[in-house]
Amino acid sequence: MQQKIPFYLLIILLVGLGLGSAVYRHLNLEVPWLPGEIREVWSVEARLEFTAKGEGVVVQLAIPRSQPGFTLLEQGTASPGYGLSYLTEEDTPAVRWSTQQAAGKQVLYYRARFLLDPVGSPAWAAPPPIAPAPILPEPVTLAANRLIQQARQQSASQITLAAQLLNALLSENQQVQLLEQNRDQPAAAMLLMRLAGISARQVTALRLRHGRRNQETHQYLMVYEGDEVAFFNLSTGKEGRPQRLLIWEMGDRPLTDLEGGRNTRVSFAMQRDVVSVQQAIEQKYQDDSAAQVSLHSLPLQEQQLFRGLLLIPVGVMVVMLMRVLVGLRTSGTFMPVLIALALMQTALGAGLAGFVLIVASGLIVRSYLSRLNLLLVARISAVIIVVILLTATFSVIAYNLRIVEGLNIIFFPMIIIAWTIERMSLLWEEEGGTEVMKQGGGSLLVALLAYMVMSNSYVQHLTFNFPGLQLVLLAFVLLLGSYTGYRLIELIRFSPLTPQDQSGALPGKNASVDNRKPE
Amino acid sequence: MGWFISSGKLRDLGVLGMNERNIDYISRHNERRLFPLVDDKLKTKKLALAAGLKVPDLLGVVRYQHQVREIAELLHNREAFCIKPSKGSGGKGILVIHDHDDEQYFKPNNQALSLVDIKRHTSNILAGLYSLGGQPDKAIIEDLIHFDEQFIHYSYEGVPDIRIIVFRGFPVMAMMRLSTAASDGKANLHQGAVGVGLDIATGVASHAVQFDRPVTDHPDTGMPLTDIRISDWHRLLHMGAHCFEMSGLGYLGVDIVLDARHGPMLLELNARPGLAIQIANSRGLSGRLQSIEAIGDQVMTAEERVAFVETQFA
Ligand SMILES: Nc1ncnc2c1ncn2[C@@H]1O[C@H](COP(=O)(O)OP(=O)(O)O)[C@@H](O)[C@H]1O
Ligand SMILES: [Mg+2]
């Protein structure tokens, strides 16, 4: 018992590490527990159009960055003939195009892909300092102060104050008219915020709608109060941020800044893609350290490989369960896992049919070979070659019959199949067909079970996305390895030992002592 | 009814299960480095000879494929013999020939094999077809054992052997294994041989099984199996107990054959003896194993251990 304590500590450690890493990946890297979750990825294209005057052109376009709700996955431009630089270190990030000379209509594109991302994004930029109130004509100041005073009476906080002020601006009374005499509505709103001492910024936002083109931006007011941020639509005064509202520019500046041209126009097109969470995560953490993202950072082909590899322990565990708890015997310890792996590459029905076909025809070939009196190695090699030839033939036939799954026969581990054929044919010679059916059937049964577990989408999802769970499997296998209880078939095997049998001990027991032969 | 027994009842009966045998007995009492001694019959033979135990005569060993060609000469002046894989188990690959004329070789059931068949069989043995894990092997050619007259009616076309489970040097359970038509001249239970439980103190038969199910008479000869009584049982117990010192294995299956001319001989040792012996004796092993564990590490001679068994397990 005492030596067992370190063992159980090890088990607990393994389980803890495994589950811990899985929980970590779930919480910090957003890997979902269940497969099939999807995320939206938005492709947004800004189209900048202007007429160049025939001289040098320098044009800037404000660009968005990752923000609560959206993670920038990638960005790019299409601007033949223009030099390009990203000004991402500035307060308001932008892209700058420049060229020596351009004339006539110019069209430049900026494209970005955003993940609609409900969790784990950077916080909003800090509130801007409140600028001192500008010098205004007396009546304007008066009107503004009146509005502010009224609003203040009806509000409890900076945000509600801002809401009241925006409401007031929408009603067409005298004070508002005065305020809006030589400035547009957004400017009037900003002026009021400044005078009321509210920290706010005017932002340019884009509403994302699937498949739209020629979209315009909207002006929003972003009001800060402590950690809280509120958005107001400047043209309607409504509070709130729609889920798919992408804030494009936050610096109170125009979207574009053009030298050497005129008639600027910016319009947007957008497109939604639905991707699996895995794909989304993969793109989101592309740049992070490989250790964090692990398998997702590998090239696709290798990922595919690992997907299969990480399932093997599960299959092995099924085999172990069947052997240790049930007591099934299989021909070749882990042969069923290999068959199961092969079945995963083929469709189940086609795979089974293919397997039985190969083994059966192999047995026939083997029965001929046995008459030739060859060395064992030579015989197995011959069986391998014949099996491969048969496989090729079956594949061609299947293909011509338009059974595409037939092609997948090639995934069977030929060498192992050849060895199985050899053993089975010997078994056949020595103990007859029934024993072959028994052992072959047992292997196939375990293989099917392993296949069912391994092809389960939850199992696949968990093994691939949480490699740490392998440690839990390891712990489980270790535990199973120290299980000393009875196997299921032993309950049947030892059933003759049931006590009532004992009372009826075999006749002749006493006689045997008396009747023994003289020596 | 009767085809199933609950695990609680099995435990009450002290039946040793496969998992428990593997973990608590084999891996705890049998050092891995000692396994090759018993997994290779050639090594066991040398060991037994050195320890002064009698073993069936070794006629020859075929180690390389090219020697297979000369096998006819090797067998020429031997009328009856047995070819077996040195690293085989469970009776696999054992070929018993009781007569031949250099062209035809007769199995105990008088089925004739050609020299080609013999060569192929030997070559298969060398390639590792019957050995553990398929490793290359040697073929042993052994003198045929002529079993004791008294068993002539109990064994069908093959040599019966006696299996004794020896735990830490104490013989704890024994059975006699009788070949049947099903087992093809070999006395291995899962090939279809009959197992007859023997009282460990006296060598008198109690119950019998075939294919894990109770039987009363020999399926081929019809003889009542419980009439069996092994003579000179004490000597067999002593042989079994002695194998502990010889092999160093704590949990051991000792296979002994009774040769008509040479008396009891050690056929082979087994580091993973099967559990069917419990059905043949209609009792579990655990109780006896535990009472021996309870003795502790006290050093006893083989004679003392046998005496212990004869008094305690009577
Ligand atoms: N020399 C022999 N002569 C006759 N029969 C033999 C001989 N050797 C083995 N046998 C038969 O084969 C059976 C198995 O032999 P054994 O040496 O115990 O090999 P295994 O390890 O395969 O059990 C014996 O029980 C006996 O019936
Ligand atoms: Mg044996």
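Every chain is numbered from 1 and lettered A, B, ... according to where its sequence line falls, protein lines coming before strand lines.
Between the CD1 atom of A/Ile489 and the CE atom of B/Met18 there is a distance of 7.5 Å, given to the nearest 0.5 Å. The distance from atom CG of B/Leu10 to atom OH of A/Tyr486, rounded to the nearest 0.5 Å, is 5.0 Å. In this structure, OG1 on A/Thr498 lies 11.5 Å from CH2 on B/Trp3, to the nearest 0.5 angstrom.
Residue B/Ile23 touches chain A through its side chain alone, counting heavy-atom pairs closer than 4.5 Å. Residue contact with chain A, scored on non-hydrogen atoms closer than 4.5 Å, involves the backbone and the side chain of B/Ala276 alike. Using a 4.5 Å cut-off between heavy atoms, B/Ser123 touches chain A through its side chain atoms alone. Using a 4.5 Å cut-off between heavy atoms, B/Ser6 touches chain A through its backbone atoms (N, CA, C, O) alone.
Between chain A and the residues B/Gln278, B/Arg21, B/Gln65, B/Arg11, the most heavy-atom pairs under 4.5 angstrom are made by B/Arg11. Note on B/Leu275, B/Val209, B/Thr202, B/Asn22: by heavy-atom pairs under 4.5 Å with chain A, the leading option is B/Leu275.
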Might you work through the side-chain contact (heavy atoms from CB on, under 4.5 Å) test for B/Asn19 and A/Glu490, ending with a clear yes or no?
-> CA-CA 10 Å; B/Asn19 291 329; A/Glu490 284 177 338; 5.7 Å; no
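With a 4.5 Å cut-off on side-chain heavy atoms, B/Arg213 and A/Ser495 count as touching. No side-chain heavy atom of A/Pro496 sits less than 4.5 Å from a side-chain heavy atom of B/Asp212.
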